[in-house]
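What follows is a single structure, written as structure tokens, with notes after it.
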Amino acid sequence: LKEESSITKGPENPAQFEKRKREHIALALSPETQSVTSSDWDHYQLQHEAFPEINFEEVDVSASFFSRSLSSPLFISSMTAGHADGELINSRLAALSERRQILMGVGSQRKELQDVTAANEWKKIKKQFPKSLLLGNVGISQVISSPIEKIQSLVDSLEAVALFVHTNPMQEILQVEGTPQFRGGMKALENLVKKLSVPVIVKEVGFGFSLPTLNRLNETGISVVDISGKGGTHWGRIEGLRSQSEALNQASLTFKDWGKTTLQVLREIENAKFSFKIWASGGIRNGLDAAKVLSLGASMAGVAQPWLKAALESEENLDRLFERLQLELKIALFCTGSANISDLSSRKVGSWLK
Ligand SMILES: Cc1cc2nc3c(=O)[nH]c(=O)nc-3n(C[C@H](O)[C@H](O)[C@H](O)COP(=O)(O)O)c2cc1C
């Protein structure tokens with residue numbers, strides 16, 4: 001009975017919310033919560049071009065999102081929000097987004113749905129970094145249970161260029177305070193797309209998508225799916241380690257290999273056609289990983305945990321990380337003879353080794 005009550009989900013108070021967010025950050029930085037799938041990235045190789053017929057300085061890694069020009073297809077995947085420690089992290093990330101003109105997903109804005117003052121964090125950051133390119137974030141459970149005007153207010157508070165809707169059944173069920181209510185998700189999404197003022201992007205949080213689910217999403221009118229596959233931060237393990245419940249902890253170990261890696265999803269959908277664009281994230285740790293997903297047709301490549309680690313260190317380390325990722329991406333383009341990102345994907349320079 002005791003065990004059962006400890007996995008009962010209920011509303012959390014502000015102190016519990018702060019504690020949960022703090023634990024997420026600490027655990028996300030631990031090697032214990034990273035899936036180790038370096039071998040997976042080795043299953044797909046880009047072909048070396050000994051005669052690239054291009055000068056390195058001509059390699060162009062710029063990208064765009066609707067009418068906005070971006071310096072890179074790399075983006076900051078949605079992370080943290082709504083608590084004291086988040087402010088420093090988010091202002092550094094927003095500064096990077098502004099300086100480098102890259103997209104930044106903000107962390108879940110769920111708290112703003114109950115507490116309108118939580119939006120002040122973003123209003124302050126947007127005022128300080130007006131040219132940052134922010135994308136809102138909310139869970140599908142909240143989309144199902146909230147009026148559209150409330151979701152629109154999340155977009156407005158950060159002048160977001162788009163809204164990420166995350167779907168995370170495995171995380172919600174393993175999270176003590178989780179909201180594993182997903183009934184009516186597709187319908188709610190369809191309705192949201194029709195009424196929201198900005199494009200909607202659906203994402204996972206590190207378990208990927210199956211082809212049948214992507215085919216179902218085809219009919220919703222969404223603009224992008226960020227497949228966010230397995231291979232990096234493991235949200236099942238994070239929630240399992242946080243939990244006082246032996247059952248949830250054990251379940252998070254039972255499901256430690258659940259889901260599809262980012263590359264597995266891209267392989268499965270290689271010949272599929274969708275009405276939306278594909279972005280990729282989950283386990284991308286260097287510019288070569290990013291080049292691989294872009295060569296497989298993803299138009300943007302998202303990174304989460306490494307930005308968090310760098311943001312907690314210093315602004316300089318964030319810049320250093322950005323420069324390293326960009327350099328590695330450019331090297332991959334140069335050494336495959338690709339002048340730009342669309343060249344990289346259209347020339348089919350990759351091959352599967354297994
Ligand atoms: C500290 C932290 C907080 C996160 N919070 C959110 C969130 O609020 N909403 C969301 O959609 N994804 C969230 N994510 C998931 C990431 O956006 C991403 O999908 C996942 O971590 C896989 O990317 P990675 O392997 O590069 O870390 C979070 C990730 C981290 C590390």
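Quick caveat, the model's predicted, so the values are computed rather than measured. Atoms within a ligand are numbered from 1 in the order they appear, just like the ligands themselves.
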Protein contact to [atom] [nearest heavy atom, distance to 0.1 Å]:
{"atom": "atom 3 (C) of ligand 1", "value": "Trp235 CZ2, 3.5 Å"}
{"atom": "atom 8 (O) of ligand 1", "value": "Ser108 N, 2.8 Å"}
{"atom": "atom 20 (C) of ligand 1", "value": "Val205 O, 3.6 Å"}
{"atom": "atom 31 (C) of ligand 1", "value": "Ala28 CB, 3.8 Å"}
{"atom": "atom 16 (C) of ligand 1", "value": "Ser78 O, 3.4 Å"}
{"atom": "atom 27 (O) of ligand 1", "value": "Thr233 OG1, 2.5 Å"}

Whether the [X] and [Y] side chains hold a donor-acceptor pair (N or O, under 3.5 Å, no angle test) is what I'd like checked.
{"X": "Asn191", "Y": "Lys195", "result": "yes"}
{"X": "Asp343", "Y": "Ser338", "result": "no"}
{"X": "Glu204", "Y": "Asn168", "result": "no"}
{"X": "Glu58", "Y": "Asn55", "result": "yes"}

Arg100/Asp319 ion pair, N-O < 4.0 Å: yes
Cluster link Phe65 to Phe164, ILVMFWY, side chain under 4.5 Å: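 Linked, Phe65 and Phe164 end up in one cluster.
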For ligand 1, which atoms have a heavy atom of [X] less than 4.0 angstrom away?
{"X": "Gly282", "value": "22 (C), 23 (O), 25 (O)"}
{"X": "Ser77", "value": "17 (O)"}
{"X": "Gly107", "value": "8 (O)"}
{"X": "Leu308", "value": "1 (C)"}

Geometry only, no angles: is [X] polar-contacting ligand 1 at N/O separations under 3.5 Å?
{"X": "Arg285", "answer": "yes"}
{"X": "Asn137", "answer": "yes"}
{"X": "Gly283", "answer": "yes"}
{"X": "Ala304", "answer": "yes"}
{"X": "Gln305", "answer": "yes"}

Shortest reach to atom 12 (N) of ligand 1 by a heavy atom, considering only Met79, Lys203, Glu204: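 Residue with the shortest heavy-atom distance to the ligand atom: Lys203.
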Region of Ser228 that comes within reach of ligand 1 [heavy atoms, distance under 4.0 Å]: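 Within the 4.0 Å criterion, Ser228 contacts ligand 1 through side-chain atoms alone.
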Residue portion contacting ligand 1 (non-hydrogen atoms closer than 4.0 Å) for Asn168: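 The answer is neither; Asn168 stays 4.0 Å or more away.
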Val225 and Ile201: CA distance, side-chain angles, deciding distance, side-chain contact (heavy atoms from CB on, under 4.5 Å) verdict: CA-CA 6 Å; Val225 173; Ile201 304 171; over 6 Å; no
Aromatic centroids of His234 and Phe255 separated by under 6.0 Å: no
Sub-6.0 Å ring centroid separation between Trp279 and Phe75: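 Ring-ring flag for Trp279/Phe75: true, centres closer than 6.0 Å.
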Inter-residue atom distance Lys292.NZ - Thr262.OG1, 0.5 Å rounding: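 Answer for the NZ-OG1 pair, Lys292 versus Thr262, is 12.5 Å.
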Partner of Phe209 by side chain to side chain contact (heavy atoms under 4.5 Å, CB included), out of Ile278, Ile227, Ile269: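 Going through Ile278, Ile227, Ile269 one by one, the side chain to side chain contact (heavy atoms under 4.5 Å, CB included) with Phe209 is satisfied by Ile227 alone.
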